[in-house]
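Comments concern the structure below.
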Amino acid sequence: MRPSLSQQVVVITGASSGIGRETAIQLGRRGARVVLAARNERALQGAVAEVEQAGGTARYVVTDVSDWNQVDHLAGQAVEHFGRIDTWINNAGISIYANISQTTAAEMRRVVEVILLGEMFGTKAAFEQMKAQGGEGLIINVSSALARRSVPLQAAYCAAKHGITGFTEAVRLELKEDHPGITLIEVLPSSVNTPLFAHARSKLGVKPMPIPPIYEPSVVANALVHACEHPQREIVVGGSGKALVVAQKASASLVDRYLLQGQRGTRQQRSDRPDDAEDNLFAPMDGPGSTTGDWSEQSKSSSVYTAVVETHQRRTAAILVAGLGGTLLLLRKFLR
């Protein structure tokens with residue numbers, strides 16, 4: 001039985017903006033003690049203030065998750081401040097929008113180091129502490145619907161997210177065998193209106209944008225907060241993401257055709273807004289941070305599918321069969 005949120009100590013990486021920041025605020029409303037980690041100290045300070053205004057207790061630790069020593073230090077600071085870690089949410093991410101010929105080896109390496117190694121390091125740091133405190137705890141790895149189906153212009157990002165799925169599956173089995181009190185789950189958001197797109201390095205000539213439909217960060221934060229008390233193997237956030245995952249399982253070649261038709265896969269990621277040539281690939285942004293990005297006028301503030309089906313496992317199987325058929329019919333309609 002998981003402790004209530006008011007009794008939990010939660011560590012969140014990538015907490016200076018977007019999903020991580022919104023999740024921290026929501027946890028604060030439930031009375032949780034939260035440790036926020038990211039590279040941007042100014043944004044972390046603002047996020048801590050928002051968590052405490054919401055009713056929680058918060059500390060921050062400036063952390064680059066691609067550095068094991070910093071991640072290990074983060075775990076130590078969480079225990080020093082609050083005595084233990086009940087839940088650890090691996091959420092930090094960066095991105096680059098470019099095709100393979102435009103992407104340098106250093107850029108590829110950096111994306112993989114932050115997204116994949118960052119979550120691997122976070123999982124290990126959390127596990128070691130949870131093992132030491134009695135073998136109980138929850139680790140949440142935030143990946144993406146793109147962990148199951150890749151799209152053009154984000155090859156390094158998609159590769160890293162796919163890696164999270166493989167890593168999570170392997171470690172989950174190890175924990176079930178040897179440390180059954182420690183649970184490891186994966187949360188896969190659909191397109192989300194976060195500052196990631198403004199912070200991403202773009203070689204498109206314009207600012208990148210999330211593939212519609214787009215959800216507000218609060219939709220993912222709701223799912224993460226729910227998972228802190230009611231963990232399940234995985235949660236796909238957003239009906240569009242679930243449709244993509246199901247379609248990929250049913251016919252990857254059909255999804256290929258869908259994305260290639262009229263260059264849909266690339267076209268939907270190009271905005272009509274100029275790129276400001278600023279990014280956080282190798283160094284953090286220095287702004288105050290925010291939960292939402294630039295696409296609020298196009299984004300959804302709720303997901304009926306996630307709230308009604310995905311976070312209630314018994315309903316998921318019944319919907320899956322119907323959803324599979326509907327997804328295939330929809331794809332065929334677009335490809336006529």
Side-chain angles (χ1 to χ4, degrees), residues 93 95 99-100 115-116 119 140-170 172-173 184-192 209-215 219-220 223-224 226-227 231-270 298-300 302-336:
S95 191
N99 61 40
I100 187 67
I115 294 177
L116 178 54
E119 298 215 6
I140 302 176
N141 285 342
V142 179
S143 63
S144 168
L146 300 186
R148 307 297 166 82
R149 170 68 222 194
S150 296
V151 296
L153 302 178
Q154 294 192 73
Y157 179 91
C158 291
K161 293 295 188 179
H162 274 69
I164 291 171
T165 293
F167 174 77
T168 301
E169 289 177 348
R172 182 188 293 119
L173 292 173
L184 177 59
I185 72 173
E186 184 178 5
V187 174
L188 303 91
S190 303
S191 293
V192 183
M209 66 174 290
I211 298 173
I214 307 165
Y215 299 87
V219 178
V220 185
L224 289 169
H226 173 85
Q232 61 190 66
R233 192 178 196 276
E234 69 177 41
I235 302 173
V236 181
V237 182
S240 62
K242 188 67 173 184
L244 185 65
V245 171
V246 171
Q248 174 70 7
K249 288 182 179 179
S251 177
S253 61
L254 193 61
V255 180
D256 287 348
R257 289 173 58 197
Y258 173 80
L259 292 171
L260 288 169
Q261 187 181 60
Q263 296 185 317
R264 182 182 284 112
T266 57
R267 177 169 43 81
Q268 290 188 330
Q269 297 183 79
R270 296 175 183 269
Q298 301 177 35
S299 62
K300 301 180 179 181
S302 64
S303 167
V304 174
Y305 168 79
T306 305
V308 175
V309 179
E310 188 71 13
T311 51
H312 299 277
Q313 291 178 305
R314 293 183 179 179
R315 299 173 184 165
T316 303
I319 298 295
L320 187 60
V321 175
L324 175 59
T327 300
L328 290 175
L329 287 174
L330 182 63
L331 284 172
R332 288 195 175 99
K333 178 180 178 181
F334 275 113
L335 292 170
R336 287 177 181 171

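Since we're looking at a predicted model, the values are computed, not measured.
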To check you understand the geometry: which heavy-atom pair defines the closest contact between [X] and [Y], and what is its length?
X    : Y    : result
Y157 : I115 : CD1-CD1, 3.4 Å
R267 : G262 : NE-O, 3.2 Å
G238 : T306 : N-OG1, 2.7 Å
P152 : Q269 : O-NE2, 2.8 Å
E186 : T165 : OE2-OG1, 2.6 Å
L116 : G163 : CD1-C, 3.5 Å

Just wondering, do [Y] and [X] contact through their side chains at under 4.5 Å, heavy atoms?
X    : Y    : answer
R149 : V245 : no
L244 : Q248 : no
F167 : N141 : yes
V192 : V219 : no
V142 : P189 : yes
V237 : Y215 : no
M209 : Q298 : yes
Q232 : I185 : no

Return the [atom1] to [atom2] distance between [X] and [Y], rounded to the nearest 0.5 Å.
X    : Y    : atom1 : atom2 : value
L184 : E234 : CG    : CD    : 11.5 Å
L188 : I164 : CG    : CD1   : 9.0 Å
D256 : Q261 : CG    : CD    : 12.5 Å
L153 : I100 : CG    : CD1   : 11.5 Å

Crowding at CD, E169 (>12 non-hydrogen neighbours, <6.0 Å) = yes
Side-chain donor/acceptor of Q154 to backbone N/O of S150, under 3.5 Å | no
Excluding sequence neighbours, so at least two apart, what forms side-chain hydrogen bond (donor to acceptor under 3.5 Å, both in side chains) with S299?
->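 So S299 forms a side-chain hydrogen bond (donor to acceptor under 3.5 Å, both in side chains) with E216.
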Which residues share a side-chain hydrogen bond (donor to acceptor under 3.5 Å, both in side chains) with S191, sequence neighbours left out =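 Scan of S191 (side-chain hydrogen bond (donor to acceptor under 3.5 Å, both in side chains), adjacent residues dropped) gives none.
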State which residues pass ring pair (Phe, Tyr, Trp, His ring centres under 6.0 Å) with H162; sequence neighbours excluded, sorted by chain then number.
-> none
